[in-house]
Colleague: 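Provided herewith is a single structure, encoded as structure tokens, for subsequent inquiry.
Proteins come first, then strands; the chains are lettered A, B, ... in the order of their sequence lines, and each starts at number 1. Because the structure is a prediction, the values reported are computed rather than measured.
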Amino acid sequence: MKLLYYRHLQEASFLNYDLNPKIMEIIRYNRQMILPEIGAMGQQKLQDAKVLIIGVGGLGVAVLPYLTAAGVGEIGIVDDDTIELTNLQRQVIYKNNSIGKSKALEAKEMALALNPLIKINAITEKLNSKNVISLFEKYDIIVDGTDNLKTKCLINDACSVTNKPFVYGSVYKFEGQVSVFNYKNGPTYSCLFPEESITVGNCNEAGVLGVSVGIIGMFQANEVLKMILGIGEVLSGKLLVYNFLNNEQHKFDILKSDSTIHKASFDYKYSEVESIEIEASKALKQINNPEVVFIDIRNEDEYPKLKIKNSIQIPLNQLEFELHKLNTETTFFVFCQSGVRSKNAVEILINNNYNNAKSVVGGANAIEKMINNESVSVF
Amino acid sequence: MIAVKYFGAIAEKTNSKSEEFLFSELSLSQLIDSLEKKYQLSSMTFSIAVNKTIITNAENCMLKNNDEVALLPPFAGG
């Protein structure tokens, strides 16, 4: 009788796709709903779930279609990148004619074509300390599809602040790592890798096969579904390391060793990192640091003249033509008279890959005051 | 005997997936020091697991016969 009922529904669906939406859902999700572990209740849990995927590169494009197809009710996609030819070998949801288009928007289009019953939010921004908290607060689970350690640390901190599970995945050549951090107050990424000052190549530099990121993305999607459905054992407090060449897998136990980060300490930690400005007092503390160069971007006729050891003068309107004289690795503290033009100069520098450039708040006026008041040694 | 397993970029430096050392007793820091020297690992970041548990304090860890150590660098690719 039951079988007949489903067959009847299926036949009806071929005839008329405008059936009652609830019936269409039952047909669409039939193969997972007939699992006793899922059923109608599980499907409702999926429908109610909100998942945020950070980055729709190799990992994210493996996670997205499966969560979409399974009927996760709301999925956010964060990516400010555009599709490049070199992406297509592993980011298999994009098409040849997608090159140059926004990853987040193309991924949204693909997902809605697959399943129009769910909501997809495309966020074409770069994840940063300013937008991360408000973004994470809107979702239940955060999936890491990023390709750099700095962003993984930011995700980890923000998941701690907002109390969200962090589904980690990462690949190095023919090996992959998977874990779920911060699940029900469990161990976090920093319990596994405490140091942030780490540099490892991303896929572009190290090289990777599409299937490798696909497999790890699939492990991540599996953890997401298990958490939503409340089935199986979540990979919390464990690091899974998978070798694609010999199919060996290792599971390591991670013990909780750090404490929850609160919003205030998060704000403090990130207040300086991404700011393009630096207080004059802090800039002057590094006046004898040989790796710091002060750039005076005022015109030659502006006063006060400041005698700072490691300093050069490049008027703002000359800056773009003089960039070749500067080393991209150097830290630049840029100042003008009061700190307005120097922000424009820092933007020019950052746009040209001089990423360690900051504008001195208050400019030459503030610096002179500091020198006079605190008798900072400038020579 | 102590077995050491290498992962990711560490395995590339050591040019092998695993290695065995004929010590019955050895401190974890001694082992790591000698591996860092032997394979020039000092510039690399990695976590250490002993018998499949990530060690948070390598200082006071004594290894015993048949222990298994793993060197796990963070992966970043995605």
Colleague: Which distance, rounded to the nearest 0.5 Å, do you find between the CD1 of A:Ile254 and the CG of B:Leu72?
Modeller: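 Answer rounded to 0.5 Å: 9.5 Å.
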
Colleague: Classify the ring geometry of A:Phe252 against B:Phe7: parallel below 30°, tilted from 30° to 60°, perpendicular beyond 60°.
Modeller: perpendicular

Colleague: Any side-chain heavy atom of A:Asp253 within less than 4.5 Å of one from B:Ile54?
Modeller: no

Colleague: Relative to chain B, which segment of A:Lys251 carries a heavy atom at a distance below 4.5 Å: side chain, backbone, both, or neither?
Modeller: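 Answer is backbone: N, CA, C or O of A:Lys251 sit under 4.5 Å from chain B.
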
Colleague: Measure the OG1-CG distance between B:Thr56 and A:Leu192 for me, rounded to the nearest 0.5 Å.
Modeller: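 It comes to 11.5 Å.
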
Colleague: Heavy-atom distance under 4.5 Å to chain A: side chain of B:Ile55, backbone, both or neither?
Modeller: neither

Colleague: Quick one: what part of A:Tyr168 sits under 4.5 Å from any heavy atom of chain B, side chain, backbone, both or neither?
Modeller: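 Contact with chain B involves the side chain of A:Tyr168 alone.
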
Colleague: Would you say that more than 12 heavy atoms from the other residues, nucleotides or ligands in this model lie under 6.0 Å from the CE of B:Met1, or not?
Modeller: no

Colleague: Nearest 0.5 Å, please: how far is CZ in B:Phe75 from CG in A:Leu239?
Modeller: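 With rounding to 0.5 Å, CG (A:Leu239) is 8.5 Å from CZ (B:Phe75).
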
Colleague: Does atom NZ of A:Lys184 have more than 12 heavy-atom neighbours from other groups under 6.0 Å away?
Modeller: no

Colleague: Would you call A:Leu149 and B:Pro74 a side-chain contact if the rule is heavy atoms closer than 4.5 Å?
Modeller: yes

Colleague: State, to 0.1 Å, how close A:Phe193 and B:Ser47 come at their nearest heavy-atom pair, and which atoms those are.
Modeller: CD2-OG, 3.3 Å

Colleague: So, the side chain of A:Gln177 versus the backbone of B:Pro73: is there a donor-acceptor pair under 3.5 Å, distance only?
Modeller: yes

Colleague: Identify the heavy atoms of B:Glu12 and A:Tyr172 that sit nearest to each other, and give their distance.
Modeller: OE1-OH, 2.9 Å

Colleague: Count the heavy atoms of every other residue, nucleotide or ligand shown that sit under 6.0 Å from CZ of A:Phe244, and state whether that count exceeds 12.
Modeller: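 Yes.
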
Colleague: For atom NZ of B:Lys52, decide whether the heavy atoms of other residues, nucleotides or ligands shown that lie under 6.0 angstrom number more than 12.
Modeller: yes

Colleague: Can you confirm whether A:Gln89 is buried at CD, in the sense that more than 12 heavy atoms of other residues, nucleotides or ligands lie under 6.0 Å from that atom?
Modeller: yes

Colleague: Tell me, side chain or backbone of B:Ala70 under 4.5 Å from chain A's heavy atoms, or both, or neither?
Modeller: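 Contact with chain A: side chain only.
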
Colleague: Decide yes or no on side chain to side chain contact (heavy atoms under 4.5 Å, CB included) for A:Asn243 and B:Lys17, but give the supporting numbers first.
Modeller: CA-CA 11 Å; A:Asn243 185 310; B:Lys17 291 260 166 235; 3.7 Å; yes

Colleague: So what's closer than 4.5 Å to chain B heavy atoms on A:Ser257: side chain, backbone, both or neither?
Modeller: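 Only the side chain of A:Ser257 comes within 4.5 Å of chain B.
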
